[in-house]
Every structure is written in C-alpha cells, then in structure tokens.
Amino acid sequence: MATLATVARLFLGTEPLPSGFSWVCMLMGLGFLIAAAGVIRSTTAQRRHVAAPSPPSAPSAT
C-alpha cells in the first residue's frame, strides 16, 4: 500500500507524503530478498534430499 501511495502521488500531482511512506516503501526490497533467500534455501534442501543415497534395504529372509 505504501508503494502505491508513494507512486500514485507522482501521477496525481498531490502534496508530498510524509517520509514514513518512503521508508516503508523501501522495505519492499528487503521483503523480496527474504523471499528469494527462502526459495533458494528450499531448492537447495530439496536437491540435497533427492541426491542423498537411500539406505540399503534389509535382506529378505526367504
């Protein structure tokens, strides 16, 4: 919402918003970094799980 409010004022020609809106708007980049780190971490863990050798099965008693 802060991003929309910050950008909309440029097109509408209204008064500048308080600096708090700009600070909140800048946090959006931090959110993208955290999300990207989570995706990379999940992908790496999934690849490790797939690449791990499965334990040997117990011999059958037949």
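Quantities reported herein were computed from a predicted structural model and do not represent experimental measurements. Values below: all heavy atoms of this structure, side chains included; hydrogens, waters and symmetry mates excluded.
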| query | Thr43: what forms a side-chain contact (heavy atoms from CB on, under 4.5 Å) with it, not counting sequence neighbours? | reply | Val39, Arg47

| Side-chain donor/acceptor of Thr44 to backbone N/O of Ile40, under 3.5 Å | yes

| query | Can you list the residues that meet the side-chain contact (heavy atoms from CB on, under 4.5 Å) rule with Ser19, with sequence neighbours excluded? | reply | Trp23

| field | Co-members of Met28 in a cluster of I, L, V, M, F, W and Y side chains, linked at under 4.5 Å | value | Phe32

| field | With Leu30 via side-chain contact (heavy atoms from CB on, under 4.5 Å) - residues at least two apart | value | Leu27, Ile34

| remark: Looking only at heavy atoms, the pair that brings Glu15 and Arg9 closest together is O-CD, 3.9 Å

